[in-house]
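Start at 1 and go down the list; that is how both ligands and their atoms are numbered. Position 1 is the first residue of the sequence; numbering continues from there.
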Amino acid sequence: MARRILLVDAYDSFSNNLAALIRQTTNAEVHTIKIDDYTLSKFRGFLKSFDAIVIGPGPGTPTNDEDVGIIPHIYGLPEEEVVPVFGVCLGFQSLCLAFGAGIGRLKVVKHGQSSVITHHRGDIFEGCGVVDAIRYHSLRAEMNEGALGELEVLAVTDDGEGENGEVVMAVKHRRLPFWGVQYHPESCCTNLDGARVVENWWRLATGWLDGKGRVSEALPAGWGVPPERRNLLGVPRKEGGRGLCWQMFHAPCLDIVELCELLEVKRAEKFAMLDSSAKHTGRYTILGVFMPGVTETFTWRVGDEKVSVQTFGKSGRDEVGGNTSFGVWSELAVKMAGFGATGGDGESPFWGGFMGYINYEAGVTGLDVPLASPRGDEKAGRTRIPDLNVTFFHRSIVVDNISGKVWVQSLEVDDEEWVTGMAEKVKLLAAMSITPTTTPPNEVVGGSGVTLPRSTMRTTTTVKEPLFPPSAVEITQPGKEKYMRNVLACQKELAKGESYELCLTAQTTVDLTLPLQEEEDTAWKIYKHLRKRNPAPFAGLYKASGTTLISSSPERFLSWDRDGNFQLRPIKGTVRKSKPDGSIVSRSEAEEILNTPKERAENLMIVDLIRHDLHGVLSGQSDEDGGVKVSKLMGIEEYETVFQLVSVIEGRMGETMRGEGFTGMDVLHRSLPPGSMTGAPKKRSVEILQDIEGTADEGDNCGERAVYSGVFGYWSVCGAGDWSVVIRSMYRFDDEFGSQHQDGSGEGVRKERWRIGAGGAVTALSDAEGEWEEMLTKLNSTLAVFQ
Ligand SMILES: C=C(O[C@@H]1C=C(C(=O)O)C=C[C@H]1O)C(=O)O
Ligand SMILES: NC(=O)CC[C@H](N)C(=O)O
């Protein structure tokens with residue numbers, strides 16, 4: 001029978017990586033609990049069912065009871081109840097503290113940085129050569145005579161006298177079966193010899209257990225799969241479903257802007273498009289077609305029990321749900337399950353299904369973090385904004401911007417007439433254009449050797465005219481002093497060990513004063529311009545339920561295909577392309593900047609966090625290991641205004657899980673908000689950021705990040721999904737200013753307030769001025785359309 005290891009998680013964003021490493025190296029069953037899930041007596045009761053304990057990393061300090069919960073009691077168990085323990089980072093520091101060591105602060109904190117560890121090859125370092133290990137810590141164990149009487153130091157690292165001098169990296173208890181390491185064996189950048197300590201620990205631990213003849217008991221009754229590990233649907237997958245009616249044709253000359261105008265975007269009250277205007281990640285343009293009496297928009301606001309459903313072209317709303325364990329998420333899963341479709345073209349990524357956005361705040365409450373109060377709309381007296389706003393499309397048009405293939409599709413029964421009619425219209429439109437707009441892969445190679453989408457090359461020189469007269473535009477940017485103070489406030493938390501990285505953001509507002517009547521909708525006017533100005537693989541326009549979102553995001557959050565292959569592409573590390581003197585940063589210069597410890601550490605922390613999120617759903621469920629791997633570590637990608645450091649993490653949801661009813665949505669809702677917008681560990685970082693970014697009464701972010709920092713994408717009836725991080729984007733609430741005003745001369749005017757968020761990851765290595773500049777760089781990629 002497999003042995004059982006209990007992993008005690010201190011709300012870290014790396015603990016699932018540790019669980020996966022333990023599972024791989026020990027073949028034991030790993031059960032995870034949180035530090036404060038159980039009282040000590042309950043814990044002691046079920047400990048008999050486990051063979052060993054691993055205590056994970058975490059934010060805060062071992063001297064603070066709330067940060068460690070049950071941990072100190074584990075090291076203080078009566079001897080007859082003791083089992084082997086392996087402590088990592090916070091778990092290690094707690095071990096040292098429990099036996100008399102002091103806990104101090106590092107002079108120079110180490111977050112996401114590697115060190116070579118000096119060890120004597122014995123004990124848990126048996127057979128290890130050079131251990132090159134990743135560290136995430138602000139605190140250190142300070143040994144003294146008392147502690148050294150109880151604990152033996154197994155490894156150290158030398159940070160040099162200018163920094164922290166010698167820092168203890170591993171200890172073991174002289175009598176009891178307790179071991180601990182300060183570094184992170186589970187980080188993807190710790191080398192194999194660094195991870196081998198877990199294998200060695202397990203050998204020593206099982207030796208100890210065998211020596212004592214300790215055999216664990218059966219799991220207590222009722223110890224089952226924790227509710228949060230069940231799937232949204234709660235029932236196994238159903239096969240079959242509606243047949244899709246579709247046509248595919250080649251239209252390499254089809255212009256996306258013209259296609260949108262064919263669909264009447266200029267005056268549309270509702271619109272949904274996911275667009276790829278740069279082709280080096282995104283590829284498809286997906287349009288949802290609103291159908292009167294059929295198309296439903298689902299909205300939900302944090303705190304609401306029910307989900308509101310509004311049918312296009314009908315007045316009133318229905319309220320659904322309220323009695324499922326996952327609330328709105330289950331409602332979406334139920335809707336989707338009722339629609340499983342068959343017979344679409346395997347090459348089309350979207351056959352119909354949900355498109356829309358999910359706010360940052362929806363993700364925050366998923367972490368059990370209460371929202372800052374009041375929220376922006378409560379303060380402004382606006383309509384309550386939905387935190388989830390997605391529309392279920394039966395009719396759709398998909399364009400492959402590389403091959404020139406176009407699909408017109410419908411899930412409606414007997415809808416051939418619409419499909420044929422629409423296909424004819426689109427073909428005619430394409431026939432009227434003269435030049436191909438699709439770019440065969442690798443056709444245009446930029447001077448730096450990277451493939452640039454042709455649109456990128458074409459537009460830099462052509463767009464000069466301002467979109468709105470300067471007198472119609474009023475921009476309110478965050479204050480520099482305040483932003484820089486916030487950077488320092490973040491760094492203070494990093495120095496205390498509360499977080500390893502914090503993605504600080506602030507919002508800018510743009511107030512437009514516009515004529516009452518205009519020929520085309522402002523959102524469309526802006527989108528068209530932005531599409532040229534800042535082509536992006538995850539661009540898009542979404543208008544529904546009182547909110548308009550215009551995106552030109554470079555960052556994929558999460559995608560999955562119909563076979564259960566998942567991909568995340570976090571971006572961390574940004575270099576502005578234009579220099580202050582007007583010259584352009586070359587790719588090799590960008591490489592030099594992005595290859596520094598600061599930028600690499602920023603990226604690595606998020607890669608490890610994303611691995612954790614993905615492991616959390618995909619690994620150790622049923623008989624599957626999730627196959628989580630980093631397929632690209634810190635590649636450099638070039639965009640219109642910036643170079644970015646991008647990593648790719650992949651995983652797999654196998655047949656068993658999918659058969660049980662798990663879908664990509666299970667992964668999505670449990671991985672929100674995107675880690676690249678929070679920092680690590682996610683939960684503590686989100687709490688800290690709420691404090692620092694402020695409430696509607698005082699902060700630049702108006703008490704909420706709202707659509708910014710959320711996700712925008714689709715979940716298709718074919719089983720695939722793709723969601724981007726909402727950055728380099730803008731959004732507005734349609735009723736923010738009411739509908740009309742009088743200007744000075746008595747003419748009727750209209751006002752619109754657009755909101756643009758921007759920010760960047762703050763680490764211990766950041767400098768406040770640099771962070772301010774980085775925020776402005778990101779802001780300007782979209783703000784520039786108003787200037
Ligand atoms: C916060 C933003 O971007 C995030 C922060 C990045 C960084 O710190 O380098 C890069 C991409 C995004 O994950 C933004 O664009 O506003
Ligand atoms: N990774 C960790 O467990 C960090 C522990 C502690 N919060 C520190 O910063 O030192």
Side-chain angles (χ1 to χ4, degrees), residues 9-15 18 55-64 67-68 71 87-94 103-106 109-112 134-141 167 180-184 186-187 360 493-508 552-557 569-576 594 598-599 602-603 605-606 608 637 639 641-647 674-681 684 705 708-709 724-729 756-764 766 770-771 774-782:
D9 170 30
Y11 293 91
D12 201 61
S13 285
F14 304 142
S15 28
L18 192 56
I55 302 176
T61 160
T63 53
N64 180 13
D67 293 334
V68 285
I71 297 174
V88 174
C89 204
L90 188 73
F92 157 87
Q93 294 166 355
S94 303
I103 299 296
R105 284 201 195 175
L106 291 177
V109 305
K110 298 287 174 186
H111 290 148
I134 296 298
R135 297 161 64 183
Y136 289 105
H137 65 127
S138 311
L139 310 178
R140 63 185 294 166
V167 183
V181 292
Q182 171 63 77
Y183 69 86
H184 285 246
E186 81 291 352
S187 168
Y360 178 74
E493 299 297 326
L494 301 175
K496 286 197 286 187
E498 297 293 325
S499 173
Y500 321 138
E501 167 166 353
L502 289 162
C503 185
L504 178 68
T505 74
Q507 300 214 14
T508 293
S552 66
S553 172
E555 186 171 349
R556 165 174 286 149
F557 177 49
R569 294 185 115 255
I571 299 184
K572 270 284 150 274
T574 305
V575 175
R576 186 169 102 182
L594 290 171
K598 171 185 180 292
E599 305 292 331
E602 254 183 43
N603 194 289
M605 285 188 248
I606 302 306
D608 276 337
E637 287 183 359
Y639 292 89
T641 58
V642 289
F643 286 99
Q644 302 266 225
L645 207 52
V646 184
S647 294
S676 62
M677 298 309 292
T678 63
R684 185 69 57 92
R705 292 193 184 176
Y708 171 63
S709 296
S724 62
V725 181
V726 180
I727 51 174
R728 326 293 151 88
S729 301
I756 307 178
V762 176
T763 67
S766 297
E771 289 305 324
E774 185 170 327
M775 188 279 282
L776 288 183
T777 299
K778 291 171 184 153
L779 174 64
N780 282 328
S781 61
T782 45

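Of all heavy-atom pairs between Ser766 and Glu771, the closest is OG-OE2, 3.0 Å. In plain terms, the two heavy atoms of Leu502 and Glu493 that are nearest each other are CD1-CB, 4.3 Å. A pairwise comparison of heavy atoms in Gly58 and Leu90 identifies N-CB, 3.6 Å as the closest pair. Residues Ser499 and His111 share a closest heavy-atom pair of O-CE1, 3.4 Å. In plain terms, the two heavy atoms of Leu494 and Ala764 that are nearest each other are CD1-N, 3.5 Å. The shortest non-hydrogen separation linking Ile71 to Ala10 is CD1-CB, 4.5 Å.
In this structure, Leu779 and Ile756 have side chains that are in contact, with non-hydrogen atoms separated by less than 4.5 Å. The closest side-chain heavy-atom distance from Leu139 to Leu106 is not below 4.5 Å. Between Ser138 and Arg105 the shortest side-chain heavy-atom distance does not fall below 4.5 Å.
Protein heavy atom nearest atom 16 (O) of ligand 1, with residue, atom name and distance: Tyr708 OH, 2.6 Å. Protein heavy atom at the shortest distance from atom 12 (C) of ligand 1 is Glu555 OE1, 3.1 Å. In this structure, the protein non-hydrogen atom closest to atom 8 (C) of ligand 2 is Ser138 N, 3.4 Å. Atom 3 (O) of ligand 1 has Arg728 NH2, 3.4 Å as its closest protein atom, hydrogens excluded (heavy atom only). In this structure, the protein non-hydrogen atom closest to atom 7 (C) of ligand 1 is Lys778 NZ, 3.1 Å. Protein heavy atom at the shortest distance from atom 2 (C) of ligand 2 is Cys89 SG, 2.7 Å. Of the protein's non-hydrogen atoms, Leu139 N, 2.9 Å is the one closest to atom 10 (O) of ligand 2. Annotation: atom 10 (C) of ligand 1 to nearest protein heavy atom, Ile571 O, 3.4 Å. Taking atom 5 (C) of ligand 2 as the reference point, the nearest protein heavy-atom neighbour is Gly58 O, 3.3 Å. Of all protein heavy atoms, the one closest to atom 9 (O) of ligand 1 is Thr574 OG1, 2.7 Å. Shortest contact from atom 7 (N) of ligand 2 to any protein heavy atom: Gly60 O, 2.7 Å.
For Ile727, every heavy-atom contact with ligand 1 shorter than 4.0 Å involves the side chain, none the backbone. Counting heavy atoms under 4.0 Å from ligand 2, residue Arg140 does not touch it at all. Using a 4.0 Å cut-off between heavy atoms, Tyr500 contacts ligand 2 through its side chain alone, with no backbone atom that close. Contacts between Met775 and ligand 1 below 4.0 angstrom, taking non-hydrogen atoms only, are absent altogether. Counting heavy atoms under 4.0 Å from ligand 2, residue Pro59 touches it through the backbone alone. Only the side chain of Gln93 comes within 4.0 Å of ligand 2, judged by heavy-atom distances.
For the ligand labelled ligand 1, residue Glu599 lies outside the 4.0 Å heavy-atom shell. By the 4.0 Å heavy-atom criterion, His184 is counted among the residues contacting ligand 2.
Looking at ligand 1, you'll find an N or O of Lys572 within less than 3.5 Å of one of its N or O atoms. Residue contacts with ligand 2: His137 is placed with no nitrogen or oxygen under 3.5 Å of a nitrogen or oxygen of the ligand (distance criterion only). Between Pro57 and ligand 2, not a single N/O pair is under 3.5 Å apart. By the 3.5 Å distance cut-off applied to N or O atoms, Met677 is not counted among the residues near ligand 1. For a threshold of 3.5 Å applied to N or O pairs, the pair formed by Gln644 and ligand 1 contains no separation below that value. For ligand 1, the polar-atom distance check finds an N/O of Ala761 within less than 3.5 Å of one of the ligand's N/O atoms. Considering backbone and side-chain N/O of Gly497, one or more are found under 3.5 Å from N/O of ligand 2. Distances between N or O atoms of Gly759 and those of ligand 1 include at least one value under 3.5 Å. Note: an N/O pair closer than 3.5 Å links Tyr136 and ligand 2 by distance alone.
Residue contact check: Ala758 has heavy atoms under 4.0 Å from atoms 16 (O) of ligand 1. The Ser676 neighbourhood of ligand 1 comprises atoms 13 (O), with distances under 4.0 Å to a heavy atom of that residue. Of all atoms in ligand 1, listed by their number and element, those nearer than 4.0 Å to a heavy atom of Gly760 are 1 (C), 8 (O). Close contacts of ligand 1 with Gly573, meaning ligand atoms under 4.0 Å from a residue heavy atom, involve 7 (C), 9 (O). In the vicinity of Glu774, heavy-atom distances shorter than 4.0 Å reach the ligand 1 atoms 7 (C), 8 (O), 9 (O).
Both tests hold for Arg705 against Tyr360: distance to the six-membered ring centre under 6.0 Å, angle to the ring axis within 45°.
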>> side-chain contact (heavy atoms from CB on, under 4.5 Å) for Arg569 and Glu555? Distances and angles first, verdict last.
In response: CA-CA 7 Å; Arg569 294 185 115 255; Glu555 186 171 349; 5.7 Å; no
> Step by step, would you call Arg576 with Thr641 a side-chain contact (heavy atoms from CB on, under 4.5 Å)?
Replying inline: CA-CA 6 Å; Arg576 186 169 102 182; Thr641 58; over 6 Å; no
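Relative ring orientation between His184 and Tyr500 is described as perpendicular, the plane-to-plane angle rising above 60° on a 0-90° scale split at 30° and 60°.
Screening Pro570, Pro674, Ser724 for a side-chain contact (heavy atoms from CB on, under 4.5 Å) involving Phe557 leaves a single residue, Pro674.
Judged purely by distance below 3.5 Å, without hydrogens or angles, the side chains of Asn603 and Ser647 pair a donor atom with an acceptor atom. Side-chain contact of Asp608 with Tyr136: a donor-acceptor pair under 3.5 Å is present, judged by distance alone. For the residue pair Glu602 / Thr763, no side-chain donor-acceptor distance below 3.5 Å is found, with atom types taken as modelled.
No donor-acceptor distance shorter than 3.5 angstrom exists from the side chain of Lys572 to the backbone of Ala761, with no hydrogens or angles considered. In this structure, Lys778 contributes its side chain and Gly759 its backbone to a donor-acceptor pair below 3.5 Å.
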